[in-house]
Amino acid sequence: MSEKKMTSSRRQHLKSLMLQIAKGLLEAEEAERVEERKKYMAENCPPLDMPGSLQELQDLCKKLHQKIDVVDEERYDMAAKATKCDKEIEDLKIKVQDLKGKFKKPALRKVRMSADAMLQALLGSKHKVNLDLRANLKQVKKEVKEEEKEAVGDWRKNIEDKAGMDGRKKMFEAEA
C-alpha cells in the first residue's frame, strides 16, 4: 500500500501549487528589497533642494564632490579588504589540501603519437618539423687500433723463467 504511485494529474496539480507558492515568495522578496532600498536612500540621501544663486550651486557641487570622494575611498578600502580576504581564503584552502595529502590525479589516456606529430601539435601547423635524428649526427670513422701483440711463444718457457728466484725477481722488476 505504501508503494502507491501518484497519478500524473495529481502530480501536475501539486507541481502547479508549488510553483504558485514559490512565485508569491519571490514577489514578496522583491517588494521587500524595493522597500529596503527606498528606506536606505531616504536615510543616506536627503532630498535635493536646488539653490537659486550661482555661488550656492558651486558650494553644493563642492559638497557633493567631497561626499563622492569619501564614498570612493570607502569603496576602495572595502574592495581591498575583500581581495585580501579572498587571497587568505585561497591560501587556507591550499593549506587544507596539503594537510589532507590527497590530490586528485586526472585519469590519463594512452595516446599513440609520433614525435613529429607531437612537435607539430606543440609548435603549431606552420612549423613543419621532421625528427630525423640520424641526419644531424656527426659522422665518426672507426679507427682500427693496432694492439701490440706479444710474440706468441712457448708457454712453458715463460713458466720456467718465472719459476725460480730469478723469475720472481724479474716479475717484481717488471711491475716496478
Side-chain angles (χ1 to χ4, degrees), residues 1-140:
M1 291 301 259
S2 63
E3 294 185 24
K4 281 188 176 179
K5 293 194 175 184
M6 195 182 311
T7 63
S8 62
S9 61
R10 172 93 172 134
R11 190 179 311 122
Q12 290 292 9
H13 178 66
L14 289 174
K15 190 175 183 181
S16 65
L17 285 175
M18 286 172 48
L19 287 174
Q20 286 176 355
I21 292 170
K23 184 178 178 184
L25 290 174
L26 285 175
E27 289 173 355
E29 279 184 25
E30 187 63 31
E32 188 179 321
R33 273 195 218 122
V34 169
E35 286 296 320
E36 285 180 12
R37 190 175 298 135
K38 285 181 183 178
K39 188 176 15 172
Y40 178 81
M41 292 302 281
E43 287 176 5
N44 293 327
C45 301
L48 188 62
D49 54 334
M50 296 298 286
S53 69
L54 181 64
Q55 185 62 32
E56 290 174 352
L57 275 175
Q58 287 178 346
D59 290 340
L60 178 65
C61 286
K62 286 180 184 178
K63 286 179 186 176
L64 288 176
H65 278 291
Q66 288 173 352
K67 286 184 180 181
I68 289 171
D69 289 341
V70 169
V71 169
D72 273 347
E73 287 175 6
E74 288 177 4
R75 182 188 55 81
Y76 178 78
D77 291 342
M78 292 293 214
K81 284 180 184 177
T83 54
K84 184 179 177 184
C85 289
D86 289 342
K87 183 79 171 168
E88 287 178 7
I89 289 171
E90 286 298 318
D91 290 342
L92 290 174
K93 281 183 182 177
I94 290 171
K95 284 183 181 179
V96 166
Q97 217 168 20
D98 286 346
L99 290 175
K100 282 184 181 177
K102 294 181 182 178
F103 298 103
K104 291 182 181 177
K105 294 180 183 176
L108 298 177
R109 296 181 291 141
K110 285 186 179 180
V111 177
R112 297 188 77 183
M113 184 182 276
S114 68
D116 289 335
M118 196 177 304
L119 280 176
Q120 189 173 2
L122 289 173
L123 299 176
S125 60
K126 55 186 168 185
H127 296 289
K128 182 67 180 167
V129 179
N130 283 332
L131 249 186
D132 187 14
L133 297 176
R134 294 182 183 193
N136 297 331
L137 291 178
K138 187 176 178 181
Q139 294 290 332
V140 177

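The residues of the chain are indexed from 1 along the displayed sequence.
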Would you compute the distance between atom [atom1] of [X] and atom [atom2] of [Y] and round it to the nearest 0.5 angstrom?
| X | Y | atom1 | atom2 | value |
| --- | --- | --- | --- | --- |
| Glu88 | Thr83 | CD | OG1 | 10.0 Å |
| Asp72 | Asp77 | CG | CG | 10.5 Å |
| Glu73 | Arg75 | CD | CZ | 11.0 Å |
| Leu14 | Leu19 | CG | CG | 11.0 Å |
| Lys95 | Asp91 | NZ | CG | 7.0 Å |
| Glu32 | Glu29 | CD | CD | 7.5 Å |

Do you know the tightest heavy-atom contact between Arg11 and Met6?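 Here Arg11 and Met6 meet closest at NH2-O, 3.2 Å.
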
Within a strict 4.5 Å, meaning less than it, do heavy atoms of the Leu17 and His13 side chains meet?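 Sidechains of His13 and Leu17: in contact.
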
Are Lys100 and Gln97 packed together at the side-chain level, in the sense that at least one heavy-atom pair is separated by less than 4.5 angstrom?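 Not in contact.
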
Short N-O contact, Arg33 and Glu30, less than 4.0 angstrom: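 Salt bridge flag = yes for Glu30 with Arg33.
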
Let me see the working for Lys93 and Glu90 under side chain to side chain contact (heavy atoms under 4.5 Å, CB included), right down to the final yes or no. CA-CA 5 Å; Lys93 281 183 182 177; Glu90 286 298 318; 4.0 Å; yes

